Amino acid sequence: MVTLLLDQTRLEVVLSPIERASTFHRENVRIQRDHITKVQLTQDAWTWLRGVPGPGTHIPGILAAGTWKAAETTDFVLIRRRKPGVVIDLEGDPQFQRLILTTRHGLALTQALRLEVGDQPEDVVDIATGSVPVPKQRQRPVIRPRPRTA
């Protein structure tokens with residue numbers, strides 16, 4: 001599952017080493033926030049594929065990863081099995097016209113895009129839920145009664 005980071009200026013799709021290998025991308029995918037025109041949630045990301053894979057990995061019904069090219073469009077795709085996903089339409093991006101990703105954090109992404117965020121990239125789940133890291137509290141020592149002597 002990809003990690004989505006968001007700051008004031010861009011959305012970053014953080015790829016694991018396995019995802020980098022399967023997508024044939026050496027770096028994370030970075031999109032300027034003002035290039036995002038529409039975000040749609042989907043139950044079946046496979047229906048959004050258009051064109052042919054290249055370069056990338058395609059195992060029908062199991063994995064679609066990499067760049068997909070159609071007539072005058074180029075999409076970045078990272079779809080695993082039949083899991084919920086998100087479709088992000090872009091306008092003005094020099095590399096892609098659409099991102100199609102399977103992630104269970106699609107709703108958090110749509111919520112986070114509506115909020116003002118800081119300068120540092122944060123996980124979209126943390127932005128949407130407003131969770132603040134809380135330091136662990138020190139555990140109190142367990143006090144046990146002394147054994148009675150007869």
Side-chain angles (χ1 to χ4, degrees), residues 1-140:
M1 180 182 67
V2 296
T3 301
L4 302 171
L5 301 178
L6 184 68
D7 66 14
Q8 288 180 346
T9 60
R10 69 181 177 186
L11 170 69
E12 183 172 354
V13 180
V14 180
L15 302 172
S16 70
I18 292 173
E19 292 166 342
R20 288 175 197 264
S22 63
T23 61
F24 289 72
H25 279 263
R26 292 182 180 202
E27 296 183 4
N28 296 335
V29 177
R30 293 175 183 91
I31 303 296
Q32 292 299 317
R33 194 170 172 175
D34 57 351
H35 291 168
I36 298 172
T37 58
K38 186 174 14 172
V39 178
Q40 301 174 73
L41 302 178
T42 180
Q43 288 298 318
D44 188 7
W46 291 93
T47 61
W48 290 89
L49 286 178
R50 58 186 180 183
V52 294
T57 305
H58 182 226
I59 304 169
I62 297 173
L63 178 67
T67 303
W68 283 64
K69 297 180 181 181
E72 299 183 24
T73 63
T74 304
D75 300 342
F76 178 79
V77 175
L78 188 51
I79 302 173
R80 288 190 198 93
R81 306 231 181 241
R82 301 271 180 207
K83 296 182 179 181
V86 64
V87 179
I88 304 168
D89 288 325
L90 308 170
E91 189 173 302
D93 188 74
Q95 195 172 8
F96 301 112
Q97 282 75 40
R98 181 183 285 172
L99 305 179
I100 307 170
L101 311 167
T102 52
T103 178
R104 61 177 180 241
H105 303 303
L107 182 59
L109 174 63
T110 58
Q111 292 171 342
L113 284 170
R114 294 180 185 165
L115 301 172
E116 292 297 321
V117 294
D119 294 337
Q120 296 299 320
E122 292 182 62
D123 194 319
V124 295
V125 176
D126 294 338
I127 295 169
T129 59
S131 63
V132 177
V134 178
K136 288 186 175 182
Q137 293 181 354
R138 201 176 89 197
Q139 289 187 347
R140 295 173 47 188

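Residue numbers run from 1 in the order of the sequence given. What you see is a predicted model; the values in this text were computed from it and never measured.
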Inspect the surroundings of CD1 in Ile59 and state if more than 12 heavy atoms from other residues, nucleotides or ligands are less than 6.0 Å away.
->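 Yes, because the 6.0 Å sphere around CD1 of Ile59 holds more than 12 heavy atoms from other groups.
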Which atom pairs, donor and acceptor, lie under 3.5 Å between side-chain atoms of residues 35-45 and protein residues at least two apart or in another chain?
| from | atom 1 | to | atom 2 | distance (Å) |
| --- | --- | --- | --- | --- |
| Thr37 | OG1 | Asp89 | O | 3.1 |
| Gln40 | NE2 | Asp89 | OD2 | 3.4 |
| Thr42 | OG1 | Asp44 | N | 3.2 |
| Thr42 | OG1 | Asp44 | O | 3.2 |
| Thr42 | OG1 | Trp48 | NE1 | 3.3 |
| Asp44 | OD1 | Trp46 | N | 3.3 |
| Asp44 | OD1 | Arg82 | NH1 | 3.1 |
| Asp44 | OD2 | Arg82 | NH1 | 3.3 |

How would you list, by chain and number, every residue that makes a side-chain hydrogen bond (donor to acceptor under 3.5 Å, both in side chains) with Arg33, sequence neighbours excluded?
->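 Arg33 satisfies side-chain hydrogen bond (donor to acceptor under 3.5 Å, both in side chains) with no residue once adjacent residues are dropped.
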With sequence neighbours left out, what residues match Thr47 under side-chain hydrogen bond (donor to acceptor under 3.5 Å, both in side chains)?
->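 Applying side-chain hydrogen bond (donor to acceptor under 3.5 Å, both in side chains) to Thr47 gives none.
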Applying side-chain contact (heavy atoms from CB on, under 4.5 Å), run through Ile79 and Leu49 and close with a yes or a no.
-> CA-CA 10 Å; Ile79 302 173; Leu49 286 178; 3.8 Å; yes
Side-chain (Thr102) to main-chain (Arg80) donor-acceptor, under 3.5 angstrom =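 Yes, Thr102 side chain to Arg80 backbone: donor-acceptor pair under 3.5 Å.
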Got Leu78 and Val13 here, is their nearest side-chain heavy-atom distance under 4.5 Å?
->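 The answer is no, as the side chains (C-beta and beyond) never meet within the 4.5 Å cut-off.
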Pairwise side-chain contact, Thr103 with Leu109, heavy-atom cut-off 4.5 Å (strictly under) |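 No. Closest side-chain heavy atoms not under 4.5 Å.
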Over all heavy atoms of both residues, which pair between Val86 and Gly106 is shortest? Give the atoms and the distance, please.
->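 Nearest pair, atom of Val86 first, then Gly106: CB-CA, 4.3 Å.
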Rounded distance [0.5 Å steps], [atom1] in [X] versus [atom2] in [Y]:
X	Y	atom1	atom2	value
Ile31	Leu4	CD1	CG	11.5 Å
Ile88	Arg98	CD1	CZ	11.0 Å
Arg26	Leu15	CZ	CG	14.0 Å
Asp7	Glu12	CG	CD	8.5 Å

side-chain contact (heavy atoms from CB on, under 4.5 Å) evaluation trace for Asn28 with Leu5 = CA-CA 10 Å; Asn28 296 335; Leu5 301 178; over 6 Å; no
Donor-acceptor contacts, no H, no angles, side chain residues 64-74, under 3.5 Å, sequence neighbours left out:
none

Between His25 and Phe96, how do the two ring planes meet: parallel, tilted or perpendicular, split at 30° and 60°?
->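 Ring orientation of His25 relative to Phe96: tilted.
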For Glu27, which residues count as a salt bridge (Lys or Arg N to Asp or Glu O under 4.0 Å) partner, sequence neighbours excluded?
->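 Here the qualifying residues are Arg30.
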May I have all residue pairs that pass salt bridge (Lys or Arg N to Asp or Glu O under 4.0 Å) and include part of residues 50-61, sequence neighbours excluded?
->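 As it turns out, the salt bridge (Lys or Arg N to Asp or Glu O under 4.0 Å) pairs with a partner in residues 50-61, which skip direct neighbours, are Arg50-Asp75.
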